[in-house]
Amino acid sequence: MNVEQVTEDKKRYLPLLLLADEQENMIDRYLDRGAMFVLDDGGVKGECVVTDEGNGILELKSLAVSPDCQRKGYGKALVNYVAARYQGQYSILQVGTGDSPLTVPFYEKCGFVRSHRVEDFFVDHYDHPIFEGGIQLKDMIYLRKAL
């Protein structure tokens, strides 16, 4: 298993990016300013993008694992890689996600705790309803982990 930073042509990973954030113009808001990492294990299995949000906060903007590779530890490996790489440079790793029974428990198992929410984020910023785990996502839930 190897994690590498991608510095050019990040959009070649658009199919993976769209698994994490299904509207391309939302990805465009952070992709150029973010650091992108891909996890390769006999082929690309996952990706993540992190951004500097100021005040010692590093935000995980995108984390996606290919559907056939999910629940095999790749997502957790990416979170652990980012946490180790940026430890000492930032004090907090945060992630914003939908209030989903699939994603929130994953981040909690990775050591994140709920911080705050932005009401109606998905309703106000996406051009179509977003569903995950059979639930329409409305609020953005922020979780944080100390680095």
Side-chain angles (χ1 to χ4, degrees), residues 1-41 44-66 69-70 73-133 135-147:
M1 189 179 322
N2 184 42
V3 178
E4 296 180 7
Q5 185 169 0
V6 176
T7 57
E8 296 178 1
D9 193 22
K10 295 175 185 177
K11 283 243 181 150
R12 72 180 178 260
Y13 298 100
L14 189 59
L16 269 176
L17 289 163
L18 288 168
L19 288 176
D21 193 340
E22 61 184 68
Q23 192 165 301
E24 189 173 349
N25 71 332
M26 294 298 283
I27 294 168
D28 291 340
R29 296 168 114 186
Y30 58 80
L31 190 58
D32 285 342
R33 70 182 179 95
M36 177 183 226
F37 301 95
V38 294
L39 185 149
D40 189 301
D41 188 18
V44 174
K45 307 296 186 201
E47 66 76 29
C48 69
V49 178
V50 294
T51 58
D52 182 339
E53 297 301 309
N55 298 318
I57 299 172
L58 182 69
E59 186 165 331
L60 188 55
K61 289 287 196 182
S62 169
L63 172 69
V65 174
S66 295
C69 299
Q70 292 176 0
Y74 293 122
K76 186 172 183 176
L78 278 167
V79 169
N80 290 341
Y81 175 85
V82 167
R85 179 180 177 118
Y86 290 101
Q87 190 171 23
Q89 298 175 54
Y90 293 87
S91 56
I92 295 170
L93 177 59
Q94 84 175 4
V95 61
T97 190
D99 196 1
S100 161
L102 301 177
T103 53
V104 172
F106 165 77
Y107 287 113
E108 290 174 335
K109 286 179 186 173
C110 289
F112 289 82
V113 295
R114 290 176 185 247
S115 169
H116 60 284
R117 79 173 46 225
V118 177
E119 292 186 11
D120 293 326
F121 180 87
F122 291 97
V123 174
D124 294 342
H125 291 90
Y126 286 79
D127 62 12
H128 63 284
I130 308 285
F131 289 88
E132 189 172 294
I135 296 171
Q136 182 179 354
L137 304 182
K138 294 181 180 179
D139 298 345
M140 175 82 78
I141 306 300
Y142 279 91
L143 299 103
R144 290 183 167 185
K145 173 180 178 154
L147 289 181

### Message
Any heavy-atom pair between the side chains of K109 and K76 that's under 4.5 Å?
### Response
no
### Task
Check whether any side-chain heavy atom of E47 lies under 4.5 Å from a side-chain heavy atom of V6, and answer yes or no.
no
### Message
Rounded to the nearest 0.5 Å, what separates atom CG in D28 from atom CG in L17?
### Response
9.5 Å
### Query
Under 30°, 30 to 60°, or over 60°: which ring-plane class applies to F37 and Y86, parallel, tilted or perpendicular?
perpendicular
### Task
Could you tell me how the ring of H128 sits relative to the ring of Y126: parallel (under 30°), tilted (30 to 60°) or perpendicular (over 60°)?
perpendicular
### Task
Tell me, with the steps shown, if D99 and R114 meet side-chain contact (heavy atoms from CB on, under 4.5 Å).
CA-CA 11 Å; D99 196 1; R114 290 176 185 247; 3.9 Å; yes
### Message
Using a 6.0 Å cut-off, check whether atom CD of E119 has over 12 heavy atoms from anything other than its own residue.
### Response
no
### Query
Can you name the closest pair of heavy atoms from T97 and M140 and give their distance?
N-SD, 3.2 Å
### Message
Donor-acceptor pair, distance only, cut-off 3.5 Å: does the side chain of D139 make one with the backbone of D120?
### Response
yes
### Task
Evaluate the side-chain proximity of V82 to L58: yes if any heavy-atom separation is below 4.5 Å, no if none is.
yes
### Message
Please find the pair of heavy atoms, one from C48 and one from L63, that lie closest to each other, and give the distance.
### Response
CB-CD1, 3.9 Å
### Task
Check step by step if side-chain contact (heavy atoms from CB on, under 4.5 Å) holds for Y90 and D52.
CA-CA 9 Å; Y90 293 87; D52 182 339; 3.1 Å; yes
### Query
What is the distance from atom CE of M26 to atom CZ of F121, rounded to the nearest 0.5 Å?
4.0 Å
### Any donor-acceptor N/O pair, Q94 side chain to I57 backbone, under 3.5 Å
no
### Summary
Distance col, row K145:NZ vs I92:CD1, nearest 0.5 angstrom, shows 13.0 Å
### Query
What closest approach, in Å, do K45 and C69 show between heavy atoms, and which atom pair accounts for it?
CD-SG, 3.3 Å
### Task
Can you measure from CG (N55) to OG (S91) and round to the nearest 0.5 angstrom?
8.5 Å
#### Entry: Any donor-acceptor pair under 3.5 Å from K10 side chain to V49 backbone
no
### Task
Compare all side-chain heavy atoms of V3 with those of R85 and state whether any distance is below 4.5 angstrom.
no
### Query
For N25, does the CG atom sit with more than 12 other heavy atoms under 6.0 Å from it, leaving out its own atoms?
yes
### Message
Restricting to non-hydrogen atoms, name the atom on A77 and the atom on L39 that form the minimum distance, rounded to 0.1 Å.
### Response
CB-CD1, 3.9 Å
### Task
Side-chain contact test, heavy atoms from C-beta onward, threshold under 4.5 Å: evaluate it for I130 versus H125 and give yes or no.
no
#### Entry: Straight-line distance of S62 OG to L18 CG, nearest 0.5 Å
9.0 Å
### Query
Which pair of non-hydrogen atoms, one from Y74 and one from D41, has the smallest distance, and what is that distance?
OH-OD2, 2.6 Å
### Task
State whether the side chain of Q70 and the backbone N or O of V65 hold a donor-acceptor pair below 3.5 Å, judged by distance alone.
yes
### Message
On a heavy-atom basis, which atom in I135 and which in P101 lie closest, and how many Å separate them?
### Response
CD1-CD, 3.6 Å
### Message
Please report the interatomic distance CG(D21) to CG(L31), rounded to the nearest 0.5 Å.
### Response
10.5 Å
### Query
Is there side-chain contact between F122 and Q136, with at least one heavy-atom pair below 4.5 Å?
no
### Task
Indicate yes or no for a side-chain donor-acceptor contact from K61 to the backbone of T51 under 3.5 Å, with no hydrogens or angles considered.
no
